[in-house]
Structure formats: C-alpha cells, structure tokens
Student: 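This structure is in structure tokens; I'll ask about it shortly.
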Amino acid sequence: MSFREFREDVKRSVELAIREAGLPLIDFEPSEPPRPEFGELSVNVAFTIANKLGLNPLEVAKAIGNELKVPKGSLISSFEVCRPGYINFKVRYPDLNYRSLSESILKEDYGSLNIGRGKRVCVEHTSVNPNKALHVGHIRNVILGDSIHRILKFTEHDVQVLNYIDDSGLQIADIVVGFKYVGFPLEPPKGEKFDHYCGDEVYVKMNELYKIQPELIMKQKEVLKEIDEGRLDIAKFAQEITRKVVREQLETCWRVGAYYDCLNFESHIIETGLWEKLFNQMRDKGMIQLETEGKLVRCWVIKMEGEEDEKVIKRSDGTLTYIAKDIPYAAWKTGLVEDPFQYNVFVKQPNGSELWSTVSGKGRDLHPDFGNADLAITVIDVRQSRLQKIISYILSLLKGEKIEKKYVHLGYEVVSLSRRTADELGIMIEEKDFIHMSGRKGIYINADDVLDALHKKAYEETKKRNPKESEDWLHNTAEKVAVSALRFDLIKQDLDKIIVFDLRESLNLEGETGPYIQYAHARASSIIRKADIEPEITADNASTLDHPTELNLVKLISKFDLYVEEATKNLSPKTLARYAYSLATSFNAFYEKNPVLQEKDEKKRMARITLVQAFKNVVRITFDLLGMETPERI
RNA sequence: GGGCCCGUGGCCUAGCAUGGAUCAGGGCGUCAGCCUGCGGAGCUGAAGAUCAUGGGUUCAAGUCCCAUCGGGCCCGCCA
C-alpha cells in the first residue's frame, strides 16, 4: 500500500503546484520513469499543458517545479525538473522500507482491496462436455477462471464458481450409441480413467464409425431425442454416464487446484420449465419467429440486428440447439428470471468445500443462493465470441437495456499442439507448425498425461536435491511443482495469443516458469528457517537497507496492491504472474549480492531477514491468487 | 463474401485500453564466465530487433487512424 501513498503524495503536490502556478489543471497519472536515475515516479503533465497553451514544455515544468512543495511526512524525498519537461520524484527509501516491510511481513491479506464489496459475481468456467477427459486446452480455461475467481474473492467480491455441464447434446448421444448399440464395454481397461476411456476410445471411434456405418447416425438422432425428452431408459443411462465422467473430470480440475460452487446441468434447464418460460417471453416480445418457408421452414429463429442470417434456436423436429439453452442460463445468471432450480450437494471437494449441483425433482430446502449476479463472467475460448455476443444481445432485448457491463465474455485464444509434440503422439500433420486440437478427431494431449510427465520430471529434480526425503514427501512436492509449471505456463501470456503447446519445452523448469519462482521462495524459506528468529522491522533498522537490489525488492513489494488492482479491473491474472516472476528475479538478484545470515551488522542482518520474510509472504499470496503452492522446500 | 484476432532478435514473449526521456524489457536456444558465504531449478556477461509493410495524425508513434501483406479463427436444423 505504501507505494500507492507515494503516488498519491506526488499527484497531490503536483496538482497543488499547477494551481499555484496559475496553470490549467489537466488530469494526469504519475508513471514510472524508464531509468532508475530519474527516480521512482515521473510526471509528464507539463507536455499536455504546454501543448494546450502553446508553450515550451520545459518552461511549464519549471513553473510547476517552482511552486512545488514537498508536504511534511510524505514519502517524497526530492524532485527534479528534467530536460524536455518531466518532473521526476525520488522516494524517501528509509520510510518506504519501514512502511512497506511492516505491512507485508506477515499479514495474510496484505495487498487485498475492498473494491468488490457488495458486488455479486458468478464465474463460469471449465464447462467441458461430459463425454471425454480434459486436454491441455481445457486447462487454460480452468486456470483462467479459477485464478479470476481467486483474485475477485481477494478483492472482496462475492463470487460463485459455476461449471456448466451439457448433458444433453449430440456428443453425449455419440457415446451412448457406442455403449448401447455398438457394444463398447462399460468398463474401461484396467488402470484407465473412465473419462479418458470415453474420450480416447468410444468418442473418437464412434466418429470414425459414422463414416463407415451411416445407419448409426439414425441411432444417434433417436438417442438424442430420447435424452431430450427424458424418456426413462436411455435418458437415465445417459445421466449415469455423464455424471460418472464429470466426477472423473473434477479429479483433474482438483488436481490443478480448481474448485467449484455449483454444477449446472443443461437438462434441468428444460426440466424446470425455464426454457419454456424464456421461449414464451421471447415469442411474446416478437424477438423470435417461426419460419414458414425456405430452408429453415418450421424452425424457430432469432434475427440479430445488422446480421444477414438468422440463428436457429428450435429445430424443425422440436429439439433445441445449443444456443437455445444458453439463453435461459444466461438470464438466470444475471437475475432476469427467478431461480427455478432445485439443488443438492454433488460431492465434497478435497479442499473441504461442498460442490452443489442442480438436481431433478426435489432438492434440499436449504442451499446457498446461486445465480442472480451483478456480474456474470463466462470463460470460454474466442471461437464462441459470436455466440456470446448474440446471447448478450438477446439479454439486452429481454431486459430492455444494455447489458454489456453485466454479462462479460472472457475470451481467450486456443491451445494448439506443436508439430514436434503432434509427431511424438503419432498425429499426422502436414506443412504446418502447429495443429489445433479436436476431441472428435482425437487430436489432443490429455491434461493428466501432461501433469504426469511434469510430475515425473519434477520428482527427479526434487530427489536430486532432497535425497533423504521419503517417497511420500517427494511425490507430494513433485506434484506441487508440476502444477505450478503447468499453471504458470498457461497463464503468463496474454489471452489473445495462441499457445502452441510443446511437451518437451514445457518440461524445462528453468527461466520464466512457476518452479523458478518456487525455487526462489524455497531459498528464502531456507534462510528464514536457519535464522530462527522473529523478524522485526523498526524505523531504525529499516534505514540500513540501501543496496540497489534491496531497494528494488522493497519497491516491488510495496507495489503489490497496485498490481492486484490492475489484475482485478482487467480480469487479468497474467499481470500477477508477471509480478510474481519479477519478485523472484528481484529476490535472486538481492540474494546474490547480500549475505543475510552472515551479515555482521546486527541491525542490517535483522532488516534483511525481514526483507526475506516479506518477500516470502508476498510471493506466497501472489501464488495463492494464481492457484499455485509455495512449498518450504522443493 | 461478411466479421474478429495476431504479426516485436533463430524461437517464445512484455510493453499497446491512459502516445513521451538517444540502452524496446524478459525467457528459451547459442557462446563465455561465477560457489571453501544463506539451495546452481541460481547469477553475470556476449552475440542477436528495419517493433510485418506503406501512408496518416502528433512537438512526440511499438503504442492512435487507414490501407496492404502474412497467419489463425468465426459465420451449421454441431456443441
């Protein structure tokens, strides 16, 4: 928080000086200068003012500088008017050291903000069709959604995490046909997870079979209709299968540290009459029409303003399309309709929390409130952008006002496989550097397999460094390292960049990676363990921190809440991932140059110990916000 | 055909919503170094960039606007 105070000190005193100098007050933000000699903050408002008045920027900066007074008790140590027209400020380090370290040294909630107080948010993520296992691409979705939920919670939003389970689509019919009519055994081969088996074996093979035996497509349609209508036998069987797959998928999600509050089964949207209600509303408002001629005859369609084609929401055979069911769901999320669902606990999660789900028939009387959020965030890849826009458009029509601020599509680019990894998996790929994943075509790498490979590598590395530790401890630690490697790898870059996943490259645990940061944390932990003393920062010993690497680390720590704010406002976990990395780099630079335990000067030693402790605490909190762990030793 | 996104050293990437300071940050890879001090998953250094191209706006453009080229995606009675 202390760097924020410094920034406010700078801003306020400059504003005052501008007024004193009789210049027009223009809104500005102090920013960080490119070089350390220029201080810690810089103001370029002189350029804007000069431009407006047709004056020389340097003259304007000087005029402001002449009126500038450093307020007593502020964190400003000095300022200087520089060449083309900047006003540069230096921070009073001894004070920043003291304030920053005493705030950050132990507090669990250091850096938390209350910007979300009273705001109810639901985050929908994962939402993988329950006919297959999660591949790495899905993990990008899971960790994005999970990290955002953690960050929003940290900033005091009232967050609920939803996972939408499409248990009534064609892809479910595919595996049901496989089990019921093609004769795939219900039991997976020994040692294979059921979700892997359904996806890798049944689903992929069914899609090949349709080409050879077109009569199966008739079966597929039949089954779909039965599932939709909820007719006893097949529908019940489909339910059993999808729930079984969901349980297995959740294992993978939990493995990477993602937890949920509620599963929304698509079938319940029909069952509760929620779809019917929305359908009637849309029809009465004239938003949808029944086509009476043309190729879409007997379909109910919606036409978007400025769009050529209409979108089918109810097929001529009476079944519903995917988007149809998303409309009531979105309406429920944003509180446009009363909650029609019944709930029960689906499973107790490894973190101790209860995961609820919508249920058929009667659920529990007492349950948490779901839906009805001030802000609904849907995490889904960019290929869904158009559809999400349509949904948002429909919601706006239903509500009678713009809803863009309430219904947010958080889109991200897909994860593809590198040519090398595709080759190694035996996937044919021609002329391209990468290949997009496809569940149906069997082009993907399962998340569990990636995690297993990472685990194996991390295990070897950890064992080298901790040869005497138990197998249990080693595997436990290796898993934490593996998860941070994968999560960090998938969260560190911008959402609009395609990630070309290369298994061999991902196994490199050096450089800009999660394990690099965990390693720095483990080094810090080792120092604290050996110091075996209660860290204590005082105004006196804080002033002994004066090496550039010490000050740099203090400065970064003092800016934590500014990064939290940015990450929250932009829904951008990447910001915090980069922050964590810069903390670690900065710590390693400090570590290289400054002995802690060997330091002779007692005050200095204590100050450094508190710096190490503060670093440790802030990395831990940051990693926590990104769903990664920081073991004491790795 | 209509729409969206990307294009920064051999490869990957930050910076772009709020345009500013004659080193455009990192990482991987390559090469050369660093431990009788707290963990070498580390640190230091070197080589390597017409910020895709061409215009425009501006005192100032990697950042804003337009066009072009290259790559990806979306536009289904699939989800």
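Note on naming: letters A, B, ... go to the chains in the order of the sequence lines (proteins, then strands), and numbering restarts at 1 for each one.
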Student: Mind checking if A/L509 touches a base, just sugar-phosphate, or nothing, with heavy atoms under 4.0 Å?
Tutor: base
Student: What nucleic acid atoms does A/L296 come within less than 4.0 Å of, heavy atoms only: base, sugar-phosphate, or nothing?
Tutor: base
Student: If I take atom CD1 in residue A/I87 and atom C1' in nucleotide B/rG20, what distance separates them, rounded to the nearest angstrom?
Tutor: 14 Å
Student: Identify whether any heavy atom of A/I323 sits under 4.0 Å from a base atom; if not, whether one sits that close to sugar-phosphate; answer base, sugar-phosphate or nothing.
Tutor: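 Result for A/I323 = nothing.
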Student: With sequence neighbours left out, write down each residue that passes salt bridge (charged side-chain N to carboxylate O under 4.0 Å, His left out) with A/E291, or none if nothing qualifies.
Tutor: none
Student: Hey, are the side chains of A/V481 and A/Y459 touching, using non-hydrogen atoms and a 4.5 Å cut-off?
Tutor: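 Not in contact.
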Student: Taking atom P of B/rG72 as reference, at what distance in whole Å does atom CG of A/L417 sit?
Tutor: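 For the pair A/L417 CG and B/rG72 P, the rounded distance is 16 Å.
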Student: Base, sugar-phosphate, or nothing for A/S42, non-hydrogen atoms under 4.0 angstrom?
Tutor: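 The residue A/S42 makes base contact.
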Student: Pick the P atom in B/rU50 and in B/rU63, then give their distance to the nearest Å.
Tutor: 16 Å
Student: Between B/rC74 and B/rG29, how many Å separate the two P atoms, rounded to a whole number?
Tutor: 34 Å
Student: Give one of base, sugar-phosphate or nothing for A/Y516, where a contact means two heavy atoms less than 4.0 Å apart.
Tutor: sugar-phosphate
Student: Partners of A/K574 by side chain to side chain donor-acceptor pair (under 3.5 Å), sequence neighbours excluded?
Tutor: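 Once residues adjacent in sequence are excluded, the partners of A/K574 under the side chain to side chain donor-acceptor pair (under 3.5 Å) criterion are A/D494.
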Student: Any protein N or O atoms within reach of nucleotides 4-9 of chain B? Criterion: under 3.5 Å, listing atom names and distances.
Tutor:
unit_1, atom_1, unit_2, atom_2, d
B/rC6, OP1, A/D496, OD2, 3.2

Student: On a whole-Å scale, what distance lies between the C1' atoms belonging to B/rC64 and B/rG71?
Tutor: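 Looking at atom C1' only, B/rC64 and B/rG71 are 24 Å apart.
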Student: What nucleic acid atoms does A/V128 come within less than 4.0 Å of, heavy atoms only: base, sugar-phosphate, or nothing?
Tutor: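 Counting heavy atoms under 4.0 Å across all strands, no contact is made by A/V128.
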Student: How long is the line joining CD1 of A/I435 and P of B/rG72, in whole Å?
Tutor: 12 Å
Student: How are the rings of A/H268 and A/F265 set relative to one another: parallel (under 30°), tilted (30 to 60°) or perpendicular (over 60°)?
Tutor: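 Answer is perpendicular, since the angle exceeds 60°.
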Student: In whole Å, I'd like the distance from the CZ atom of A/F47 to the C1' atom of B/rU18.
Tutor: 16 Å
Student: How would you list, by chain and number, every residue that makes a salt bridge (charged side-chain N to carboxylate O under 4.0 Å, His left out) with A/D532, sequence neighbours excluded?
Tutor: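 Scan of A/D532 (salt bridge (charged side-chain N to carboxylate O under 4.0 Å, His left out), adjacent residues dropped) gives none.
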Student: Using the P atom as the point on both nucleotides, what is the distance between B/rC11 and B/rG48, in whole Å?
Tutor: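 It comes out at 16 Å once rounded to the nearest Å.
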Student: Quick check, does A/F38 stack with B/rA21? I mean ring centres under 5.5 Å and planes off by under 30°.
Tutor: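 Yes.
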Student: With sugar-phosphate meaning primed atoms plus P, OP1 and OP2, does A/P33 contact a base, only sugar-phosphate, or nothing at under 4.0 Å between heavy atoms?
Tutor: base
Student: List, one per line, each side-chain donor-acceptor pair under 3.5 Å for residues 78-90 of chain A, sequence neighbours excluded.
Tutor:
unit_1, atom_1, unit_2, atom_2, d
A/N88, OD1, A/S42, OG, 3.0
A/K90, NZ, A/E37, O, 3.4

Student: Can you find a pair of side-chain heavy atoms, one from A/E15 and one from A/K11, that are under 4.5 Å apart?
Tutor: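 Yes; the side chains approach each other to less than 4.5 Å.
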Student: Counting any heavy atom closer than 4.0 Å, what does A/V612 reach on the DNA or RNA strands: base, sugar-phosphate only, or nothing?
Tutor: nothing
Student: Output all residues satisfying ring-ring contact (aromatic ring centres under 6.0 Å, His included) with A/F488, sequence neighbours left out; order by chain, then residue number.
Tutor: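 For A/F488 there are no ring-ring contact (aromatic ring centres under 6.0 Å, His included) partners, ignoring immediate neighbours.
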Student: Tell me the interatomic distance from A/I302, atom CD1, to B/rC75, atom P, rounded to whole angstroms.
Tutor: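 Atom CD1 in A/I302 sits about 17 Å away from atom P in B/rC75.
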Student: Indicate for each nucleotide in nucleotides 26-38 of chain B, in 5' to 3' sequence, whether protein heavy atoms under 4.0 Å reach the base (B), only the sugar-phosphate (S), or nothing (-).
Tutor: SSSS-------BB
Student: Over 60° means perpendicular and under 30° means parallel, so tell me whether A/Y164 and A/Y329 are parallel, tilted or perpendicular.
Tutor: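 Plane angle under 30°, so parallel.
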Student: Is A/R315 close enough to B/rC78 that one of its side-chain N or O atoms is under 4.0 Å from OP1 or OP2 there?
Tutor: yes
Student: Do A/R298 side-chain and B/rC77 base share a donor-acceptor contact under 3.5 Å?
Tutor: no
Student: For A/K616 and A/S525, which I'm curious about, is there any donor-acceptor pair between the side chains at under 3.5 Å?
Tutor: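 Looking only at side-chain atoms, A/S525 and A/K616 do form a donor-acceptor pair, the distance falling under 3.5 Å.
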Student: Using the P atom as the point on both nucleotides, what is the distance between B/rC5 and B/rG10, in whole Å?
Tutor: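 Result for the P pair: 28 Å, nearest Å.
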Student: Under 4.0 Å, counting only non-hydrogen atoms across every strand here, what does A/D494 touch: a base, just sugar-phosphate, or nothing?
Tutor: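 Counting heavy atoms under 4.0 Å across all strands, the contact made by A/D494 is with sugar-phosphate only.
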Student: Just to verify, what does A/D167 make a side chain to side chain donor-acceptor pair (under 3.5 Å) with, not counting sequence neighbours?
Tutor: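 By the side chain to side chain donor-acceptor pair (under 3.5 Å) rule, A/D167 matches A/S267.
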Student: If I pick the C1' atom on B/rC51 and the same atom on B/rG62, what distance separates them, to the nearest angstrom?
Tutor: 5 Å
Student: Would you please confirm or rule out a distance under 4.0 Å between OP1 or OP2 of B/rG15 and any side-chain N or O of A/K574?
Tutor: yes
Student: Under 4.0 Å between any heavy atoms, over every strand shown, what does A/S582 touch: base, sugar-phosphate, or nothing? Just pick one.
Tutor: nothing
Student: Where do N or O atoms of nucleotides 61-65 of chain B meet protein N or O atoms at under 3.5 Å, pair by pair?
Tutor:
none

Student: Rounding to a whole Å, what distance do you find between A/F615:CZ and B/rG42:P?
Tutor: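 That distance rounds to 13 Å.
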Student: Under 4.5 Å between any side-chain heavy atoms of A/W473 and A/N466, yes or no?
Tutor: yes
Student: Need to verify one output field. Residue with the more 5' nearest nucleotide on RNA chain B, A/P84 or A/G294?
Tutor: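 This one resolves to A/P84.
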Student: For residues A/K593 and A/E550, determine if any side-chain heavy atom of one lies less than 4.5 Å from a side-chain heavy atom of the other.
Tutor: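 When only atoms from C-beta onward are counted, A/E550 and A/K593 do not touch, as no gap falls below 4.5 Å.
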Student: Counting the atoms with a prime plus P, OP1 and OP2 as sugar-phosphate, which does A/Q384 contact under 4.0 Å by heavy atoms, base, sugar-phosphate, or nothing?
Tutor: base
Student: Distance alone, cut at 3.5 Å: any donor-acceptor contact between the side chains of A/E124 and A/S127?
Tutor: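 Side-chain D/A pair, A/E124 to A/S127: present.
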Student: I'd like the C1' distance from B/rA67 over to B/rG20, given in whole Å.
Tutor: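 Comparing C1' positions in B/rG20 and B/rA67 gives a spacing of 27 Å.
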Student: Can I get a per-line list of side-chain donor-acceptor pairs under 3.5 Å for residues 45-59 of chain A, giving both atom names and the distance, sequence neighbours left out?
Tutor:
unit_1, atom_1, unit_2, atom_2, d
A/T48, OG1, A/V45, O, 3.2
A/N56, OD1, A/L58, N, 2.8

Student: Using only modelled atom types and a 3.5 angstrom limit, is any donor from either the side chain of A/N88 or the base of B/rA21 paired with an acceptor on the other?
Tutor: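 Indeed there is one.
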Student: Look up atom CD in A/E310 and atom CD in A/Q289, then write down how far apart they are to the nearest 0.5 Å.
Tutor: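 These two atoms lie 8.0 Å from each other.
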Student: Could you tell me which residues satisfy side-chain contact (heavy atoms from CB on, under 4.5 Å) with A/Q388, sequence neighbours excluded, listed by chain and number?
Tutor: A/D326, A/T378, A/I380, A/Q384, A/I391, A/Y407, A/H409
Student: Starting at atom NZ of A/K52, determine the distance to atom P of B/rU58, rounded to an integer number of angstrom.
Tutor: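 For the pair A/K52 NZ and B/rU58 P, the rounded distance is 18 Å.
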Student: Nearest whole Å is fine: how far is B/rC59 C1' from A/R83 CZ?
Tutor: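 Distance check: A/R83 CZ to B/rC59 C1' gives 16 Å.
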Student: Evaluate the ring planes of A/H436 and A/F434, with Trp represented by its six-membered ring, and classify them as parallel (under 30°), tilted (30 to 60°) or perpendicular (over 60°).
Tutor: perpendicular
Student: Check whether any side-chain nitrogen or oxygen of A/R386 sits under 4.0 Å from OP1 or OP2 of B/rG3, and answer yes or no.
Tutor: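 So the side-chain polar atoms of A/R386 never come under 4.0 Å of the phosphate oxygens OP1 or OP2 of B/rG3.
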Student: By the rule that syn is within 90° of 0, classify the base conformation of B/rA17 as syn or anti.
Tutor: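 Syn.
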Student: Taking only the C1' atom of each, what is the distance from B/rC16 to B/rA61 in whole angstrom?
Tutor: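 It comes out at 10 Å once rounded to the nearest Å.
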Student: Which dot-bracket string describes RNA chain B (Watson-Crick N1-N3 plus N6-O4 or O6-N4, or G-U N1-O2 and O6-N3, all under 3.5 Å; [ ] crossing; | other strand)?
Tutor: (((((((..((((......[....)))).(((((.......))))).....(((((..]....))))))))))))....
